[in-house]
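Step one of this worksheet: look at the structure below.
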Amino acid sequence: MRIMLVGFGVVSQSFADIIHSQSTKLARDYGLRPRIVAAVDSSGAAIDPSGLDIPMALKSKKESRSLSGLGADVYTEGRSAADVIREVECEVVVEATPSELTHGEPGLTHVRTAMKEGRHVICVNKGPLALAMPALMELAGHNDVIFKFSGTVGGGTPVLDLAKKCLEGCTIGSIRGILNGTCNYILTKMTAEGVEMKEVLAEAQKLGYAEADPTADVGGFDSACKLVITSNYVMGTSMSIRDVDIKGITEVTMEDIASANSRGNALKLVGYVGDGAKVAPEEVPLTHPLNVSGTFNAITFDTDPAGEITLVGKGAGGRETASSVLRDLIEIRKDFAR
Ligand SMILES: NC(=O)c1ccc[n+]([C@@H]2O[C@H](COP(=O)([O-])OP(=O)(O)OC[C@H]3O[C@@H](n4cnc5c(N)ncnc54)[C@H](OP(=O)(O)O)[C@@H]3O)[C@@H](O)[C@H]2O)c1
């Protein structure tokens, strides 16, 4: 199966490494023989229809932050991803450029172009889905391609598939989740150590848990994206991020945290969809399974007749998220076989 990686950062590099190191297992267990025929980053594209040399691509990226180490016959500087998607033959495009939440670009154009060219798409980028998920689902159907996006919610934790596949026959009335590891890390630290938000945020940035510009996380927007994607996929809504009432954690004080604790609760950034859709700091009973600590994510599906079901897992991480890309790829392979 020929694959194109659009964006060759943390997730794509982990994915490339996994399919290279597990090639024997993938062929034996799933009949899957993935071949990365192109990888594109912000400075250019590496293309080889017979399959890129993955160890060399990873080495080149590590040493020079570019794919130029693959050689002039493979790498072209300045080549745009949209052109490469149009020109290079492949079955699957993996979209893994940075999530942009106001216009969704460049990911939105990459996903649309890939679908119009008849390529199946695996997207880990939340932007295009948070802004235009219903239209993208329709475009995928119109072009008869498979559109997968497991990694957009929960990293490697199978949030979407659990709800969609394992809860068949149940009605999901509402969803409540701790969907952003950075915010949860900050609130957990503030609670446990009595440290002010500014200080914890600086530490989280140092540890790589928070971006240099933390607005998407602490402003609640990242949680809202994941809420929209989950709701649309699992509950059949047609929302965009604009339909979510969003309040982040920037105004949370030590007093708010202490006051929640005094009532036997923890203050968490909670995404909720059911009767409306919102993201806001909310008190969660200390004994409730949603009360996860550190960078963990948790999501509770309130179902009928199975009752409340909560899934807990790591919400991010290169290898974890790459595992969800691999799951999506295996699903596409199975669909091929069918
Ligand atoms: N990391 C996680 O744990 C995680 C979890 C879930 C979802 N995600 C989502 O997955 C996506 C990728 O995450 P990541 O951590 O791999 O990000 P990353 O390390 O920042 O990688 C992004 C990649 O996109 C490339 N890029 C930027 N603009 C581009 C353009 N116009 N055309 C082609 N390539 C472009 C970058 O190029 P350069 O290498 O040249 O900078 C880089 O290779 C993001 O949308 C993120 O929100 C990440």
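Fair warning: this is a prediction, and the values are worked out from it, not measured in the lab. Just so you know, ligand 1 is whichever comes first in the structure, and atom 1 is the first atom listed for that ligand. We're numbering straight along the sequence, starting at 1.
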Self-check item: Per-atom contacts, ligand 1 versus Lys61 - under 4.0 Å to a heavy atom
Solution: 38 (P), 39 (O), 40 (O)

Practice problem: Could you check atom 20 (O) of ligand 1 against the protein and tell me its nearest heavy-atom contact, residue, atom and distance included? | Solution: Pro98 CG, 4.5 Å

Quiz item: What heavy-atom pair brings Ala277 and Leu227 nearest, and what distance separates the two atoms?
Solution: CB-CD2, 4.5 Å

Quiz item: Same cluster for Val40 and Tyr75 if Ile/Leu/Val/Met/Phe/Trp/Tyr side chains link at under 4.5 Å?
Solution: no

Practice problem: Over all heavy atoms of both residues, which pair between Ile122 and Val325 is shortest? Give the atoms and the distance, please. | Solution: CD1-O, 3.8 Å

Self-check item: Asp302/Arg176 salt bridge by N-O under 4.0 Å criterion
Solution: no

Self-check item: For Ala316, the ligand 1 atoms whose distance to one of its heavy atoms is below 4.0 Å
Solution: 3 (O)

Self-check item: Check: Ile85 main-chain N/O paired with Arg119 side-chain donor or acceptor under 3.5 Å
Solution: yes

Exercise. Distance to 0.1 Å, residue and atom name: give those for the protein heavy atom nearest to atom 31 (N) of ligand 1.
Key: Pro106 CG, 3.5 Å

Self-check item: Protein contact of atom 13 (O) of ligand 1 - nearest heavy atom, named by residue and atom, plus distance
Solution: Val11 CG2, 3.8 Å

Quiz item: Can you list the atoms of ligand 1 that are under 4.0 Å from a heavy atom of Thr321?
Solution: 2 (C), 3 (O), 4 (C), 5 (C), 6 (C)

Quiz prompt | Residue Asp29 excluded, over 12 heavy atoms near CG under 6.0 Å | solution = yes

Quiz item: Are Phe147 and Val6 linked, directly or through other ILVMFWY residues, by side chains that come within less than 4.5 angstrom of each other?
Solution: no

Self-check item: Minimum non-hydrogen distance to atom 44 (C) of ligand 1, winning option of Val6, Thr97, Val124
Solution: Thr97

Quiz item: Which atoms of ligand 1 sit under 4.0 Å from any heavy atom of Gly7?
Solution: 23 (C), 24 (O), 25 (C), 34 (N), 43 (O)

Quiz item: Should one rank Gly44, Gly155, Gly151 by closest heavy-atom distance to atom 6 (C) of ligand 1, which comes out on top?
Solution: Gly151

Exercise. Of the side chain and backbone of Ser66, name the one, both, or neither that has a heavy atom under 4.0 Å from an atom of ligand 1.
Key: neither

Self-check item: ligand 1 atoms in contact with Lys126 (distance to a heavy atom under 4.0 Å)
Solution: 7 (C), 47 (O)

Quiz item: By number and element, which atoms of ligand 1 are closer than 4.0 Å to a non-hydrogen atom of Gly317?
Solution: 2 (C), 3 (O)

Self-check item: Derivation of the side chain to side chain contact (heavy atoms under 4.5 Å, CB included) call for Leu129 and Val228
Solution: CA-CA 8 Å; Leu129 285 143; Val228 165; over 6 Å; no

Quiz prompt | Identity of the nearest option to atom 33 (C) of ligand 1, non-hydrogen atoms only, from Asp41, Asp222, Leu101, Thr152 | solution = Asp41

Quiz item: Of all the non-hydrogen atoms in the protein, which one sits nearest to atom 40 (O) of ligand 1, and at what distance?
Solution: Ser42 OG, 2.6 Å

Quiz item: Ser99 heavy atoms, cut-off 4.0 Å: which ligand 1 atoms fall inside?
Solution: 44 (C), 45 (O), 46 (C), 47 (O)

Quiz item: Should Asp41 and Arg65 count as an ion pair when the cut-off is N to O under 4.0 Å?
Solution: no

Exercise. Using the rule that two of Ile, Leu, Val, Met, Phe, Trp, Tyr join whenever any of their side-chain heavy atoms come within less than 4.5 Å, decide whether Val279 and Met239 are in one cluster.
Key: yes

Quiz item: Which of the atoms in ligand 1, numbered in the order shown and given with their element, are less than 4.0 Å from a heavy-atom of Asn125?
Solution: 45 (O)

